[in-house]
Amino acid sequence: MRTIWLSGAEWLAVLRIGLGLWWLESWRHKDRKGWFERGTGIAWAADVAGKHRWGVVRTGFRRIVEPRPKLIAYVVVYAELALGLGLVTGFLTPVALVAGLLLNLLYLTLMIHDWAEQGQNAMMALISLVALFAMGWQVWSLDAAFGLFL
């Protein structure tokens, strides 16, 4: 593979780190007090799920999220932080990439009507796939330093 300035593995690391920074920004801009104390994030998602055209989304939300809104709020918010840290540092990178891909697919499914958000989730999912299948943890990562997943 011919590249300019960096090696192919280094460019993949740039992509991985950029994706991690994107997750960290998603975590940073969340109103955590609103999510945890007032339930604003889950209330918004409940409104979206309640109007969803796919019954499986409405049913799944009612069965999984509605009975435990506070727990799910913590899971969502801190999953974004963990994904960002894992991808930026390159620690347990394949796990972070698969988890991030699944979270983006969940967001895509939930927000199928909101095309403003779909571009972000689609691009993040695509980057996750590329970084996963190209093993984007080969350089500039704790995984490489510890000899993990190589």
Side-chain angles (χ1 to χ4, degrees), residues 11-150:
W11 279 119
L12 287 167
V14 168
L15 195 63
R16 181 200 82 228
I17 292 165
L19 179 61
L21 292 172
W22 204 340
W23 279 116
L24 287 174
E25 175 55 21
S26 182
W27 173 80
R28 186 198 64 78
H29 85 263
K30 280 213 176 5
D31 174 9
R32 287 179 285 288
K33 189 171 186 172
W35 272 71
F36 300 150
E37 294 176 17
R38 297 186 310 276
T40 56
I42 298 302
W44 170 81
D47 183 56
V48 173
K51 299 173 188 169
H52 207 282
R53 69 176 88 168
W54 298 340
V56 67
V57 173
R58 292 189 304 273
T59 302
F61 195 91
R62 273 196 307 271
R63 289 186 182 161
I64 296 169
V65 179
E66 282 182 8
R68 48 192 80 76
K70 193 172 235 25
L71 172 65
I72 299 298
Y74 277 93
V75 167
V76 168
V77 170
Y78 286 109
E80 291 182 356
L81 174 63
L83 290 168
L85 293 174
L87 293 170
V88 168
T89 63
F91 183 63
L92 300 177
T93 310
V95 175
L97 289 167
V98 169
L101 175 62
L102 292 174
L103 190 55
N104 280 126
L105 292 176
L106 186 99
Y107 289 169
L108 273 166
T109 302
L110 180 62
M111 297 181 290
I112 199 79
H113 305 301
D114 186 357
W115 288 104
E117 288 288 325
Q118 296 302 57
Q120 170 180 312
N121 288 302
M123 289 302 99
M124 290 175 81
L126 178 61
I127 293 167
S128 293
L129 276 175
V130 170
L132 180 65
F133 289 116
M135 298 174 55
W137 54 89
Q138 296 175 58
V139 297
W140 304 344
S141 73
L142 292 174
D143 291 339
F146 297 144
L148 301 174
F149 310 111
L150 298 177

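The chain is numbered in sequence order, starting from 1. Scope of the values below: all heavy atoms of this structure, side chains included, with no hydrogens, waters or symmetry mates.
L103 and A79 get closest at one heavy-atom pair: CD2-CB, 4.4 Å. Scanning all heavy atoms of the two residues, the minimum distance from L21 to V88 falls at N-CG2, 3.7 Å. Nearest approach of L83 to A96, heavy atoms of both residues: CD2-O, 3.1 Å.
Side-chain contact between L148 and S141: absent, with no pair of heavy atoms (C-beta onward) separated by less than 4.5 Å. By the 4.5 Å heavy-atom criterion applied to side chains, L19 and L97 are counted as neighbours. Side chains of L24 and L81 form a contact here, defined as non-hydrogen atoms less than 4.5 Å apart.
With sequence neighbours left out, the side-chain contact (heavy atoms from CB on, under 4.5 Å) criterion links A125 to L101, N104. Legend: residues meeting side chain to side chain donor-acceptor pair (under 3.5 Å) with T89, ordered by chain and number and at least two apart, are absent. The salt bridge (Lys or Arg N to Asp or Glu O under 4.0 Å) search around R32 returns none, not counting sequence neighbours. For K33, the side-chain contact (heavy atoms from CB on, under 4.5 Å) partners two or more places apart in sequence, or in a different chain, are D31, E37, R38.
The distance from atom CH2 of W54 to atom OG1 of T59, rounded to the nearest 0.5 Å, is 14.0 Å. Annotation: the span from N121 atom CG to M111 atom CE amounts to 4.5 Å, rounded to 0.5 Å. Of the inter-residue distances, the one linking D47 atom CG with H52 atom NE2 reads 12.0 Å to the nearest 0.5 angstrom. In this structure, E80 CD and L85 CG are separated by 12.0 Å, a value rounded to the nearest 0.5 Å.
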Checklist line | Verdict with reasoning, W140 to L12, per side chain to side chain contact (heavy atoms under 4.5 Å, CB included) | finding: CA-CA 10 Å; W140 304 344; L12 287 167; over 6 Å; no

Next item on the list: Please step through side chain to side chain contact (heavy atoms under 4.5 Å, CB included) for the pair L87 and T93, ending with a clear verdict.
Entry: CA-CA 6 Å; L87 293 170; T93 310; 4.1 Å; yes

Next item on the list: With side chain to side chain contact (heavy atoms under 4.5 Å, CB included) as the test, would you mind laying out the steps for Q120 and W22 before giving the verdict?
Entry: CA-CA 10 Å; Q120 170 180 312; W22 204 340; 3.5 Å; yes

Taking distance alone, no hydrogens or angles, what donor-acceptor pairs closer than 3.5 Å link side-chain atoms of residues 63-78 to residues at least two apart or in another chain?
| residue | atom | partner | partner atom | Å |
| --- | --- | --- | --- | --- |
| R68 | NH1 | I64 | O | 2.6 |
| K70 | NZ | F36 | O | 2.6 |

Which donor-acceptor pairs under 3.5 Å do the side chains of residues 126-138 make with protein atoms, sequence neighbours left out?
| residue | atom | partner | partner atom | Å |
| --- | --- | --- | --- | --- |
| S128 | OG | M124 | O | 3.0 |
| W137 | NE1 | F149 | O | 2.9 |
| Q138 | NE2 | A134 | O | 3.1 |
| Q138 | NE2 | M135 | O | 3.0 |

